[in-house]
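This report concerns only the one structure given below.
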Amino acid sequence: FPTRRSSDRSELGGEIGTPQASLCQKLGGAMSIVEFRVNGNWIQSDLCRFADGSFANGDLLMKENREAIQRAKLNSDE
């Protein structure tokens, strides 16, 4: 999945949906919710799906792009 694309975290919070969904969209993906069962327990997770068939968990997207988001915020404050 794509990473290190500059996005200002403040931009991500001002839109409808979660910051993860906003970042997913900015990276060219589409957010979806998946349910799966592990040891009899149902678990829900958000996935950002990309046109090439790759996908990533929304929290992982935020973690992997944290540096780029922080750099963009610092550059916009100058």
Side-chain angles (χ1 to χ4, degrees):
F1 61 89
T3 60
R4 305 292 182 237
R5 191 172 187 182
S6 179
S7 293
D8 184 346
R9 187 176 205 133
S10 64
E11 289 177 18
L12 301 177
E15 300 176 19
I16 295 176
T18 64
Q20 293 89 336
S22 296
L23 179 57
C24 175
Q25 185 176 20
K26 287 180 184 296
L27 293 172
M31 190 63 87
S32 63
I33 304 293
V34 294
E35 273 190 354
F36 53 96
R37 201 167 160 168
V38 177
N39 296 327
N41 296 317
W42 285 99
I43 299 172
Q44 283 188 344
S45 182
D46 58 345
L47 290 182
C48 182
R49 298 175 186 261
F50 300 97
D52 67 357
S54 63
F55 59 91
N57 174 276
D59 290 336
L60 178 63
L61 281 181
M62 294 299 286
K63 179 181 176 188
E64 291 297 317
N65 284 280
R66 183 172 291 134
E67 262 183 44
I69 291 168
Q70 289 172 346
R71 258 194 323 273
K73 181 163 177 40
L74 289 175
N75 290 337
S76 69
D77 289 343
E78 293 176 354

Counterpart residues, side-chain contact (heavy atoms from CB on, under 4.5 Å), relative to Asn57 (two or more places apart) | Ser45, Asp46, Asp59, Leu60

Would you give me the side-chain donor-acceptor pairs under 3.5 Å for residues 37-44, sequence neighbours excluded?
residue	atom	partner	partner atom	Å
Gln44	NE2	Glu35	OE2	2.9

For the student: nearest non-hydrogen atoms of [X] and [Y], plus distance:
X     : Y     : answer
Gly58 : Gln20 : O-CG, 3.3 Å
Gly29 : Cys48 : CA-SG, 3.9 Å
Arg49 : Ser32 : NE-OG, 2.8 Å

Same cluster for Leu27 and Met62 if Ile/Leu/Val/Met/Phe/Trp/Tyr side chains link at under 4.5 Å?
-> yes

same_hphob_cluster(Phe55, Val34) at 4.5 Å side-chain heavy-atom cutoff | yes

Could you give me the CA-CA distance, side-chain angles and deciding distance for Leu61 and Lys26, then say whether side chain to side chain contact (heavy atoms under 4.5 Å, CB included) is met?
-> CA-CA 11 Å; Leu61 281 181; Lys26 287 180 184 296; over 6 Å; no

Please examine the side chains of Glu64 and Leu23, heavy atoms only from C-beta on, and report whether any two atoms are closer than 4.5 Å.
-> no

